[in-house]
Protein chains: 2
Amino acid sequence: MPNGGQPTIVSIAERAGVSIASVSRVLNGQGARRDTTERVRRAAAELGYVPNAVARSLKGGRTRQLTFAMPDIGNPVYVAMVRAIQEVTKAAGYRLLLHSTDAVAEDELAVLRSLQDRTSDGLILVPIRITDAHIAALGEAAGPVVVIGSLPDGVPVDSVRADSVAGAALAVRHLHATGRRRIAFVNGPSDTVPGRNRELGYRRALAECGLPYEPALVAHTDFGVDAGARAVERLLPARPDAVFCANDQLALGASHALLARGLRIPDDLAVAGMDDSELAQVGWPPLTSVDLGSSERGRRAAELLLDRLEGPGSGPAAGPGAAHAAEPGAEPTRAPTGAAGDAPADRAGGGAPAGPRSPAPPRTSTAHPRLVVRASTAPATDPPTR
Amino acid sequence: MPNGGQPTIVSIAERAGVSIASVSRVLNGQGARRDTTERVRRAAAELGYVPNAVARSLKGGRTRQLTFAMPDIGNPVYVAMVRAIQEVTKAAGYRLLLHSTDAVAEDELAVLRSLQDRTSDGLILVPIRITDAHIAALGEAAGPVVVIGSLPDGVPVDSVRADSVAGAALAVRHLHATGRRRIAFVNGPSDTVPGRNRELGYRRALAECGLPYEPALVAHTDFGVDAGARAVERLLPARPDAVFCANDQLALGASHALLARGLRIPDDLAVAGMDDSELAQVGWPPLTSVDLGSSERGRRAAELLLDRLEGPGSGPAAGPGAAHAAEPGAEPTRAPTGAAGDAPADRAGGGAPAGPRSPAPPRTSTAHPRLVVRASTAPATDPPTR
DNA sequence: ATGAAAGCGCTAACAC
DNA sequence: GTGTTAGCGCTTTCAT
């Protein structure tokens, strides 16, 4: 027995006394005589036959696997996304591969490149930083990619973003409205897209509220619980009466450090986070946070991806690079280092395939933020609540 | 162009003017003339060639993918396991597929069966309940499986367990030692293995400490934060001075409910959890918990699995019968259809195929629990700490 | 309706 | 050292 002992269509064909073609047809629900159908089904059942997914993939050019690559699988926000994505892809009959990049750009690029080995049919990527290398890699991706996050204009890739500038502003205005005047900000790394946007929202809201921007009230650190705890300690000397954190993990860490110092939340300081992840409800006191629509974005990203896959020219792979010539002034995707006019040779290099598959312009959808108020930002003065 | 425009060994062969066999050899680091090597490498680079993993898998009989199926990807304990497993499998060159079963037995069985479609080479499974169906499926699994959790004796499967009976007892004794006398217990479902074991440990420790078992102090619920909150409410009338919870999620929920009622932790009640997951440190007050060695177990499980995979007959597929004759005194791996007295005819009837693959006897390793004391269980009376 | 045969992209014998 | 060839298990023409 050549393989691992698993039955194949050949075993079934022998047992049922038909050809492998008939087996395939019956098993794929195509027409066949009653008798044949019967025998094949029986043989398959008796043998406990399960089709070999690898062989199918090789033949069909699709693995029916999708990849979701996120910065940190330990962050509940991404877990929420996983759940939402899973729901959509599972319904469509795709398996989901999860990949935690630890926010390492190199790892993100590797994932992008890995599309080339045809292990998965498509990719949903949550990059934390967007470098030129990312943009280049995105353009050359060997299959459809959807980015969750903000991409520079003109990058021809589907994306789903959250308006985190507005989201951050929402939180800050809320703090101001509840009487806080010295609003500190614990941000993630400032060289990340979320980091930049949240800072922008913070400053904008400050300005709107007529509050000055005080560098001493702002800290940058890594995203993460411990980081939040350490960062808020550094801000305490500036005597804030509220701390706005760029995500829930930071906010939880900050709360922790504050409480450990004997400070009271919200009486002494209010604390607010972002993402409205599970952590917000689990924290003590429950954390005011800004819902950035994580599940929604996950779901939407999955839908976009499936659309590329099954939608128009649902061929084996989406057209690589060359297709995107739509953008005026777009540079060539890849220079086929060799004879220029050598038609047959460089076909592989990414020359436009004969088929006029329309690249379908990239689509972007944006989720709108929503403030979720909880105990951590109750007004300092005796709350008039009932 | 038949495929997605991706270069194949054929494209390379043409471009380099050699045969596909040479391409394969060069690319796989086998000997070849300087000149040939050079040309192939160059062609591959120019074309941006990446080998098609699917084709490789079909040929080799291995996908180099492993599956980890756990009850809930939202539980930090499993995230810790994922990290540990990932570390091991990645180093060995395997991709990891994650699967969240939501503790649905049916889903666990499906995962087991899915080994048959050859999508992954092996499986690490964390079942929450073990039914007869599980045991049967485990025996018939089409590839190596390692179970994280306690299996009944005699099930021929590798497993890694935690001594959660001892772990639970540890926590209860600690509560007793710090002056608590009415120790409530919020458990998970009693028909799960962890649920049963933790209850056993609770009762055992109670007895050791000379404390009576009071049903009014015990609640069963689902594992989960909300469940913990609701459950502890029901126990309050019994006036506990401590609450021991079967995992950190429950404990966090319980703390939450207690604090929300204006009770103080640990002054009014002590709270302890299990698993020592991230949640324990993130909770307020920081949660005393029992480290059940999640990372350790994950790592160990991955090692066991890899051992099965690469260890003995690391051939293409598990072991085509004839091979394993090596082990002295080993039982026959699989009855080669029609061989010795081993019931041959039943291949048809769907009965267990020859023998449940048992090349090497199942191995089991056990992680030992360790108590991690934090603020949530400080003695009620003024702590003599320094 | 069914069977024979041609591959999908790759590796590994087996000749030269 | 290199090329030719035979599959891995499956789907799909193309004849019959």
Side-chain angles (χ1 to χ4, degrees), chain A residues 1-41 44 47 49-64 116-119 121 142 315-317 348, chain B residues 1-40 43-44 47-64 116-119 121 142 315-318 320:
Chain A
M1 196 160 296
N3 69 359
Q6 292 286 305
T8 71
I9 47 171
V10 175
S11 344
I12 298 181
E14 284 168 358
R15 190 182 188 92
V18 299
S19 74
I20 62 168
S22 290
V23 174
S24 179
R25 283 190 208 101
V26 170
L27 264 25
N28 291 311
Q30 306 206 18
R33 207 194 311 152
R34 268 293 276 269
D35 175 46
T36 311
T37 309
E38 193 68 16
R39 308 231 304 276
V40 170
R41 284 213 200 298
L47 258 25
Y49 172 79
V50 174
N52 181 318
V54 175
R56 256 195 185 153
S57 296
L58 180 57
K59 183 67 189 158
R62 291 145 52 266
T63 52
R64 301 207 73 88
Q116 289 186 98
D117 76 8
R118 306 268 121 198
T119 293
D121 297 343
Chain B
M1 192 156 300
N3 69 359
Q6 292 284 305
T8 71
I9 48 170
V10 175
S11 346
I12 298 181
E14 285 169 357
R15 191 180 186 94
V18 298
S19 75
I20 62 168
S22 289
V23 174
S24 178
R25 282 190 208 102
V26 170
L27 263 26
N28 289 312
Q30 305 205 19
R33 208 194 306 152
R34 268 293 277 267
D35 175 47
T36 311
T37 308
E38 192 67 16
R39 308 232 303 277
V40 170
L47 258 26
Y49 171 80
V50 174
N52 181 319
V54 175
R56 255 194 186 156
S57 295
L58 181 58
K59 180 69 188 157
R62 292 147 49 266
T63 52
R64 302 208 74 88
Q116 289 186 97
D117 76 8
R118 304 266 133 202
T119 293
D121 297 343

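Numbers restart at 1 for each chain; the letters A, B, ... are given by sequence-line order, proteins then strands.
In this structure B:L58 satisfies the side-chain contact (heavy atoms from CB on, under 4.5 Å) test together with A:V54, A:A55, A:L58, sequence neighbours excluded. Scored by the side-chain hydrogen bond (donor to acceptor under 3.5 Å, both in side chains) test, A:S57 finds no partners at all (sequence neighbours excluded). With sequence neighbours left out, A:S24 forms a side-chain hydrogen bond (donor to acceptor under 3.5 Å, both in side chains) with A:N28. Considering only residues two or more places apart in sequence or on other chains, B:D121 meets the side-chain hydrogen bond (donor to acceptor under 3.5 Å, both in side chains) condition with B:T63. Contacts of B:A16 classified as side-chain contact (heavy atoms from CB on, under 4.5 Å), with partners at least two apart in sequence or in another chain: B:V18, B:R39, B:V40, B:A43.
Side-chain contact between A:N52 and A:Q6: absent, with no pair of heavy atoms (C-beta onward) separated by less than 4.5 Å. Taking the side chain as every heavy atom from C-beta outward, A:L27 and A:I12 approach each other to under 4.5 Å. For the pair A:I9 and A:Y49, the minimum side-chain heavy-atom distance is below 4.5 Å.
Regarding contacts with the backbone of D:dT2, a side-chain N or O of B:T36 is found under 4.0 angstrom from either OP1 or OP2.
Atom NZ in A:K59 sits about 13 Å away from atom P in D:dC10, given to the nearest Å. Going from atom CZ of B:R62 over to atom C1' of D:dG9 covers 17 Å, rounded to whole Å. For B:I12 and C:dG9, the CD1 to P distance is 12 Å, given to the nearest whole Å. Distance CZ (A:R118) to P (C:dC10): 11 Å, rounded to an integer number of Å. Atom-to-atom, CD1 of A:I9 to P of D:dT12 comes out at 12 Å; the value is rounded to the nearest Å. One can place CZ of B:R64 at 15 Å from C1' of C:dC10, the figure rounded to the nearest angstrom.
Residues of residues 16-30 of chain A that place a heavy atom closer than 4.0 Å to DNA chain C, in numerical order, are A:V18, A:S19, A:A21, A:S22, A:R25. The stretch residues 50-58 of chain B touches DNA chain C through B:P51, B:N52, B:A55, B:R56, each having a heavy atom within less than 4.0 Å of the strand.
Rounded to 10 degrees, the angle separating the terminal axes of the helix from C:dA1-D:dT16 to C:dC16-D:dG1 is 50°, with each axis obtained from five end pairs.
Rounding to the nearest 0.5 Å gives a distance of 9.5 Å between CZ of A:R64 and CZ of A:R56.
Nearest-nucleotide assignment on DNA chain C puts the 5′-proximal partner with A:T37, out of B:V10 and A:T37.
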Practice task
Might you work through the side-chain contact (heavy atoms from CB on, under 4.5 Å) test for A:R33 and A:T36, ending with a clear yes or no?
Solution key: CA-CA 5 Å; A:R33 207 194 311 152; A:T36 311; 3.8 Å; yes

Practice task
Please report the C-alpha distance between B:V26 and B:Q30 in whole Å, then the side-chain angles of each, then the deciding distance to 0.1 Å, and finally whether the side-chain contact (heavy atoms from CB on, under 4.5 Å) criterion is met.
Solution key: CA-CA 6 Å; B:V26 170; B:Q30 305 205 19; over 6 Å; no

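The B:T8 side chain lies nearest to C:dG9 when the options are C:dG9, D:dT2, C:dA1.
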